[in-house]
A.B. asks: 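Pasting a structure here, questions to come.
Within every chain, numbering begins at 1; the chains are lettered A, B, ... in the order of the sequence lines, protein sequences first and strands thereafter.
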2 protein chains.
Amino acid sequence: MTMTSPAAPALDEDETLPIAEVARCTGLSADTLRYYEKAGLIDSVRRTAGGVRRYAAVDMDWLAFLLRLRDTGMSIANMQRFAGLRREGDASVAERLALLREHRDGVDRRIRSLRENNRALDTKIAHYEELLEGER
Amino acid sequence: MTMTSPAAPALDEDETLPIAEVARCTGLSADTLRYYEKAGLIDSVRRTAGGVRRYAAVDMDWLAFLLRLRDTGMSIANMQRFAGLRREGDASVAERLALLREHRDGVDRRIRSLRENNRALDTKIAHYEELLEGER
DNA sequence: CTAGAAGTTGGAGCGCGCTCCAACGCAAGC
DNA sequence: GCTTGCGTTGGAGCGCGCTCCAACTTCTAG
């Protein structure tokens with residue numbers, strides 16, 4: 001799930017979006033957005049006087065980053081660790097960097113493994129193709 | 001989870017393995033092996049007179065293939081579809097081929113998406129590195 | 001001012017892929 | 001033959017990542 005440019009309106013400084021709009025342009029459901037917030041993955045979201053969420057540009061950026069982590073297979077538990085470090089401010093930069101590197105390396109390994117397995121599937125597919133050829 | 005050569009003894013024709021051995025060399029648990037069988041993913045497994053499973057070379061091959069499907073993210077439901085077609089014999093070859101191609105293409109898309117996201121993570125990592133540089 | 005749409009909360013429920021358990025049966029070594 | 005441990009079954013339970021719900025409040029267009 002990418003954040004496609006036309007779907008994400010590129011908010012001007014201090015323009016804000018209601019949850020339905022954020023849902024639409026992130027591909028997450030409103031429920032999931034609330035769930036992420038409750039889980040501590042997001043915590044900066046401002047509210048109206050009545051308690052209604054209004055997402056700012058900074059929230060959208062953080063969300064886009066979270067989505068990258070999620071889409072590369074990071075668990076919510078690890079995203080919580082990362083979000084927690086972020087809350088601690090600059091002191092945690094080294095630790096965040098380490099976490100991120102480790103994650104990226106894991107993704108690289110995963111990509112290599114997928115490519116290897118997919119090559120094997122290609123071979124299997126070729127076998128099936130031959131089988132069909134011979135039968136005609 | 002790959003089937004590493006030294007772990008998988010390369011069974012002679014009609015030598016068989018007990019479930020614990022199969023578990024060890026596939027990386028699956030015995031519970032999972034039984035679960036897969038109950039789910040109809042595996043159905044050729046012979047038994048002793050007493051009802052104890054003995055896995056033959058052909059079962060190991062099929063398991064290795066299932067593991068490839070699983071490790072490339074195929075759901076159990078889809079593996080069931082595939083296993084069902086296989087049971088139907090040669091008539092289903094075309095359909096199996098189609099299923100496999102579709103799966104492989106999906107994996108390719110997933111790989112591309114992972115690579116794209118990982119490049120973005122690299123950028124983020126570079127930012128963090130600069131941040132740490134500047135601070136020293 | 002009002003109707004109706006959109007948002008809020010806490011908590012229950014769900015689908016997936018296992019994982020664990022109890023109670024029992026079989027098998028291999030002494 | 002007996003013990004010890006491996007294997008069997010059916011079914012319950014679990015962790016994850018949402019998803020849905022009821023009951024209620026807020027926001028917005030007319």
A.B. asks: OP1, OP2 of D/dT9 versus side-chain N and O of B/R34: anything below 4.0 Å?
C.D. replies: no
A.B. asks: Below 3.5 Å between N/O atoms, which protein atoms pair up with nucleotides 15-19 of chain D? Just atom names and distances, please.
C.D. replies:
| from | atom 1 | to | atom 2 | distance (Å) |
| --- | --- | --- | --- | --- |
| D/dG17 | OP2 | A/I76 | N | 3.3 |
| D/dC18 | OP1 | A/R70 | NH1 | 3.3 |
| D/dC18 | OP2 | A/Y36 | OH | 2.7 |

A.B. asks: Do any side-chain nitrogens or oxygens of A/R53 fall under 4.0 Å of OP1 or OP2 in D/dC27?
C.D. replies: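 For D/dC27, OP1/OP2 do not have a side-chain N/O of A/R53 under 4.0 Å.
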A.B. asks: Applying side chain to side chain donor-acceptor pair (under 3.5 Å), name anything that partners A/D108, two or more places apart in sequence or on another chain.
C.D. replies: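 Here the qualifying residues are B/N118.
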A.B. asks: Return the orientation label for the A/F65 and A/F82 ring planes: parallel under 30°, perpendicular over 60°, tilted otherwise.
C.D. replies: tilted
A.B. asks: What integer distance in Å separates A/K38:NZ from C/dT9:P?
C.D. replies: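 Going from A/K38 (NZ) to C/dT9 (P), I get 8 Å.
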A.B. asks: Please report the distance, rounded to the nearest Å, between CD in A/E37 and C1' in C/dG10.
C.D. replies: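 Distance check: A/E37 CD to C/dG10 C1' gives 15 Å.
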A.B. asks: After noting the C-alpha distance and the side-chain angles of B/V45 and B/R54, does the key distance pass the side chain to side chain contact (heavy atoms under 4.5 Å, CB included) rule?
C.D. replies: CA-CA 7 Å; B/V45 184; B/R54 306 284 332 188; 6.0 Å; no
A.B. asks: List every contact pair, protein side and nucleotides 24-30 of chain C side both N or O, where the distance is under 3.5 Å.
C.D. replies:
| from | atom 1 | to | atom 2 | distance (Å) |
| --- | --- | --- | --- | --- |
| C/dA27 | OP1 | B/T48 | OG1 | 2.9 |

A.B. asks: Would you call B/E88 and B/R96 a salt bridge, taking side-chain N to carboxylate O under 4.0 Å as the test?
C.D. replies: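 A salt bridge is absent here (no side-chain N lies under 4.0 Å from a carboxylate O).
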A.B. asks: Between A/R47 and A/E37, does at least one N-O distance fall below 4.0 Å, as a salt bridge requires?
C.D. replies: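 Yes, A/R47 and A/E37 are salt-bridged.
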A.B. asks: Consider only side-chain heavy atoms of I, L, V, M, F, W and Y, link residues closer than 4.5 Å, and tell whether A/V107 and A/M79 are in one cluster.
C.D. replies: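 No, no single cluster joins them.
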A.B. asks: Given the rule that I, L, V, M, F, W and Y join up when any side-chain heavy atoms are under 4.5 Å apart, are B/I125 and A/L85 in one cluster?
C.D. replies: yes
A.B. asks: Can A/D122 and A/R119 be counted as an ion pair, charged N to O under 4.0 angstrom?
C.D. replies: no
